[in-house]
Amino acid sequence: MTVVAIVFVVLLVLGLPVGFVMLGASMAYFAMNPMMTSLVAQRMSSGLESFPLLAIPLFVVAGGAMARGGIADRLYAFCETLVGHWRGGLAQIAVLNSVFMGAMSGSANADAAIDARTIVPVMRKRGYSNAYGSAVSAASSLIAPIMPPSIALIIYGLLTDTSIGKLFLGGVVPALVIAVALMLTVRWTAVRMNLAPARESRARPAEILSNGRAALWALAMPVMLLLGLRSGWFTPTELGAVAAVYAFLVGIIVYRGLTAGETMSLLTESALTTAGVMFIVASASVFSLILSLEQVPQHLITTLLSVSDNKYVVLLIINIALLILGTVFEGLAIIVILGPLLMQVSQGLGVDPVHLGVVLVFNTAIGSMTPPVGTVMFTVCSITRCSVEDFTKASLPFLVASFGVLMLLTYVPALVTFLPDLMF
C-alpha cells in the first residue's frame, strides 16, 4: 500500500487528471503481483456494467438541450420579474435562476458556465465588479449538485446502493435552504456595496404571469421529475431518457432554439462530459478494489470511532476532512473514492445514507469553488477573465454562508430526510 500511496501522490503532483492518478496507482499495485494484472481491465469493464449509469449521459443531454434551446433566456426574464426589484437585483436573479437551471443541468460546472456567460456581462455593465459577479455565479452553482437530477447523487447512489429516487427527493429542501442563504448573503453584500436593484419597481402580476407562461415548459421539467419518481412511472434511468426527449422537443418545436448545428455541438459536448465521468468511475472501481483488499474501510472506521463514538463529533471530523480534501481534489473523485468508505462508517453510527449522501455532495461542491484546484472556480474565472485572488476575496461571504448551511444540514438531518420519508 505504501507504493500505491507514493505513486498516487507523485501523479497528483505532476498534474495528471484524477482518473489517470487512480488508474496509475492501481496498476502499480497490481504490477507487484503479475498474476493479478488482468484484474485491472476486468474491474474497469465491470465497473461500467450498470444500468443506473445510463442516467448520466441522458441527464447531461437533457440539461444541455434545456440550456441551449432558448430556455435560459426565458428563465432569466421570469426570475427578473420575481426578484429584480430587490437590492442587488442581478445577483438575486443569478441565484434564483440557478434554482431552476440546477433542476435541469444537475451539474455545478454547467450551471456556473451558463451564468458566467449570460448574467456576469450584464452585471459588469450595471456597475458590479467582475470579481463579485464571478463569485455570485460560482456560489449559486452549488445548488445544482443538490437539486435533482444531480449527477453526483446518481453516482453516490450507484456506488453505495442507496435509492436514487430518495436521494433526489432528499436534495430538494437542502437546495432551497442553500438558495435562501445565498440570497440573504447577496442582500447583505448589496447593502454594503450599495448595489442597486435590477429594476426600479416591482413587476405587475400580469408581467409575472406572462413571463411565467413563457417559461412554463422549462418549469415543468423538475415537476415531471418528482412526479415520475413518486408515482413509480419511471426509474431514474428511464426518467433521464424521458427528460432528454422532452428537452429536445421543447428546444426544437416549442422554443425553436435548437438547430441542427446546435444539436451536433450539444451531443459532442455531452459525449465528452460523459466520457470524463465514466473514466473516473471505471478507474475508481479498480482503486476501490485495492482499498478493499488492504482493508482500508475497516481501518478508517476503527480510527474514527477511536476518536469518539458520538456520531455528531464524527460527522464534524468528516466534514472538516472533506473540506480540506476539496481544496486539492475534484469533488466527483472524492465521492467515488470515499463515498463507499464513509457509507460503512455511517452505518456503524446510525446515520441515514440519504442524509450522508446529500451532506457529502454539498461538502464537495463547496470545495469546487475554493483554490487551488476548484473546478467551478476555474470554469467561471476562465470565462469572466477574473483573477483567482480577486475571486477568492469576493467569494468569502458566500463560502461562510455555505459552510453555515453545511453545518445546518449535518446536524438537522430532518431537512434532508423529511421528503424521502414522506414520499416513500
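- Among residues at least two apart or in separate chains, side-chain hydrogen bond (donor to acceptor under 3.5 Å, both in side chains) pairs with a member in residues 385-395 are S387-D390.
- Counting only residues at least two apart or in different chains, side-chain hydrogen bond (donor to acceptor under 3.5 Å, both in side chains) contacts with residues 348-365 comprise N319-N363.
- Between the S368 side chain and the A365 main chain, a donor and an acceptor come within less than 3.5 Å of each other.
- Heavy-atom neighbours of M27 CE from other residues, nucleotides or ligands within 6.0 Å: at or below the threshold of 12.
- Side-chain contact check for L325 versus L338: some heavy-atom pair is nearer than 4.5 Å.
- Other residues, nucleotides and ligands place more than 12 heavy atoms under 6.0 Å from the OH atom of Y411.
- Under the 3.5 Å distance criterion, the side-chain polar atoms of R187 are left unmatched by any main-chain donor or acceptor of G88.
- Looking at V358, V359, L409 one by one, the single match for side-chain contact (heavy atoms from CB on, under 4.5 Å) with I146 turns out to be V358.
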Under 3.5 Å, side-chain donor or acceptor atoms of residues 398-405 against the rest of the protein: list the pairs with distances, not counting sequence neighbours.
from : atom 1 : to   : atom 2 : distance (Å)
S402 : OG     : F398 : O      : 2.8

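- With hydrogens and angles disregarded, no donor-acceptor distance shorter than 3.5 Å links the side chain of S150 to the backbone of M147.
- Results of the side-chain contact (heavy atoms from CB on, under 4.5 Å) test with E80 over I93, N211, N97, L96 single out I93 as the only residue that passes.
- At least one donor-acceptor pair closer than 3.5 Å links the side chain of S141 to the backbone N or O of A138.
- Counting non-hydrogen atoms of other residues, nucleotides and ligands closer than 6.0 Å to CZ of R202 gives a total of 12 or fewer.
- In this structure, F418 places its CZ atom where only 12 or fewer heavy-atom neighbours from other residues, nucleotides or ligands lie under 6.0 Å away.
- A donor-acceptor pair is defined here as one N or O able to donate and one able to accept, closer than 3.5 Å; no such pair exists between the side chain of Y128 and the backbone of V122.
- If you look at Y29 and F287, their ring centroids are not closer than 6.0 Å.
- Rounding to the nearest 0.5 Å places CD1 of I324 at 11.0 Å from OG1 of T370.
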